[in-house]
Every structure is written in C-alpha cells, then in structure tokens.
Amino acid sequence: MDETAARPFPDKASRRHDPGNRPADAHPIRTCVGCRRRDRQSHVMRVVARPMDGRMAAVIDERRRLSGRGAWLHPDPACMETAVKRKAFNRAFRGPVDTADLAASFQAHLERRHGRSVHTVLPESGSVPSWKPDEHPAMSAQR
C-alpha cells in the first residue's frame with residue numbers, strides 16, 4: 001500500500017498546483033454592505049477608512065490598492081443609502097467612521113464610471129441644456 005492511499009486528503013502542495021481543484025469560472029466573491037447580496041469582486045467597489053482631520057472617514061478605493069480593512073459596496077445609490085442608514089460602515093470598519101464626504105465622492109465615482117455627468121441645473125433657473133442628459137453634447141451636433 002503506498003503512502004498517498006493511506007492518507008484521506010492529499011497534502012496542500014499537490015492541491016495548490018492541481019488545476020482540477022478550481023472551477024474555470026471561479027472569481028473572488030464579496031458581500032455588499034448595503035444590500036448584503038454576494039457578488040463578484042469586479043461588480044462591487046471597495047471602500048476603506050482613512051484618517052482625515054483627526055477622524056476616520058470612509059473613502060472609495062478606486063484602484064483597490066489602499067491598505068487596511070475594506071468594505072464592499074455595489075455601485076448603486078440604493079445600496080449606498082441603505083449602508084449609511086444602517087451604519088454598515090461602522091460595523092465593517094469596527095469603529096465609528098464618518099460617511100459625510102463619501103456620498104459626494106460616490107456620486108462623482110458613478111459619473112466617471114458611466115462617462116457622463118448628471119445635471120443638477122433646475123429647469124426653472126432658465127438654463128436648460130439644449131441636449132438631452134443621456135447623450136453627449138458633442139454627439140448631438142452629428143445628428
């Protein structure tokens with residue numbers, strides 16, 4: 001009887017290099033602190049706590065390179081609102097975290113991600129844009 005047959009599990013070294021142990025479509029899975037749904041890491045954004053002005057503040061880690069504990073959030077305003085309302089960032093970072101600046105940077109991140117800006121000009125101000133908010137102004141001249 002050989003040695004490997006006597007052991008119920010192969011040693012870690014042989015499992016680590018065996019491509020058959022990992023499914024081809026395996027991706028890192030993260031849980032959104034807002035909606036608590038699990039999703040691929042590529043579908044959620046990372047938020048970290050950074051010291052700012054003597055307090056800890058939640059900031060978006062766009063490159064996913066900042067050190068420290070991370071919280072994951074879907075790029076959805078509903079998830080952001082739920083996370084702030086439930087104080088999920090305080091739990092995720094194991095202490096009080098200021099989220100006041102996070103909402104503004106979250107909105108800016110969404111605008112950069114989708115490649116367009118959201119108009120905040122009220123129609124009654126008299127400065128209504130001549131192009132639709134969903135189209136790029138340079139593209140409207142080509143039609």
So, for [X] and [Y], which heavy atoms are closest and what is the spacing to 0.1 Å?
X     : Y     : value
Ala92 : Val33 : CB-CG1, 4.3 Å
Leu73 : Ala83 : CD1-CB, 4.2 Å
Val47 : Ala58 : CG1-CB, 3.9 Å

Give every residue pair that meets the salt bridge (charged side-chain N to carboxylate O under 4.0 Å, His left out) criterion with at least one member in residues 62-74, sequence neighbours excluded.
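Of all non-adjacent pairs touching residues 62-74, those that pass salt bridge (charged side-chain N to carboxylate O under 4.0 Å, His left out) are Glu62-Arg112.
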Apply salt bridge (charged side-chain N to carboxylate O under 4.0 Å, His left out) to Arg30 and list each qualifying residue two or more places apart in sequence or on a separate chain.
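Arg30: no salt bridge (charged side-chain N to carboxylate O under 4.0 Å, His left out) contacts found.
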Scan for side-chain hydrogen bond (donor to acceptor under 3.5 Å, both in side chains) pairs involving residues 44-58, sequence neighbours excluded, and state none if there are none.
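Matches after skipping sequence neighbours: Arg46-Asp61, Arg55-Asp98.
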Mind jotting down which residue pairs meet the side-chain hydrogen bond (donor to acceptor under 3.5 Å, both in side chains) criterion with at least one end in residues 73-95? Sequence neighbours excluded, please.
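As it turns out, the side-chain hydrogen bond (donor to acceptor under 3.5 Å, both in side chains) pairs with a partner in residues 73-95, which skip direct neighbours, are Asp39-His74.
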With hydrophobic residues grouped by side-chain heavy-atom distances under 4.5 Å, do Val84 and Val44 end up in a single group?
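The answer is no; the residues belong to distinct hydrophobic clusters.
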Common cluster, Phe106/Phe89, ILVMFWY with side-chain heavy-atom separation under 4.5 Å:
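Phe106 and Phe89: one cluster.
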How long is the straight-line distance from NE2 of His27 back to NE2 of His43, given to the nearest 0.5 Å?
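Rounded to the nearest 0.5 Å, the NE2-NE2 separation comes to 8.0 Å.
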Other than Leu66, what residues sit in its cluster of Ile, Leu, Val, Met, Phe, Trp and Tyr side chains whose heavy atoms are under 4.5 Å apart, directly or through others?
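Listed partners: Val48, Met52, Val59.
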Between Trp72 and Thr31, does the side chain to side chain contact (heavy atoms under 4.5 Å, CB included) criterion hold? Intermediate values first, please.
CA-CA 6 Å; Trp72 299 87; Thr31 302; over 6 Å; no
Pro28 vs Arg40 side-chain heavy atoms within contact, under 4.5 Å
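A side-chain contact is absent here, since even the closest heavy-atom pair is not under 4.5 Å.
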With sequence neighbours excluded, residues passing side-chain contact (heavy atoms from CB on, under 4.5 Å) with Pro75:
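Residues passing side-chain contact (heavy atoms from CB on, under 4.5 Å) with Pro75: Met45, Leu110, Arg113.
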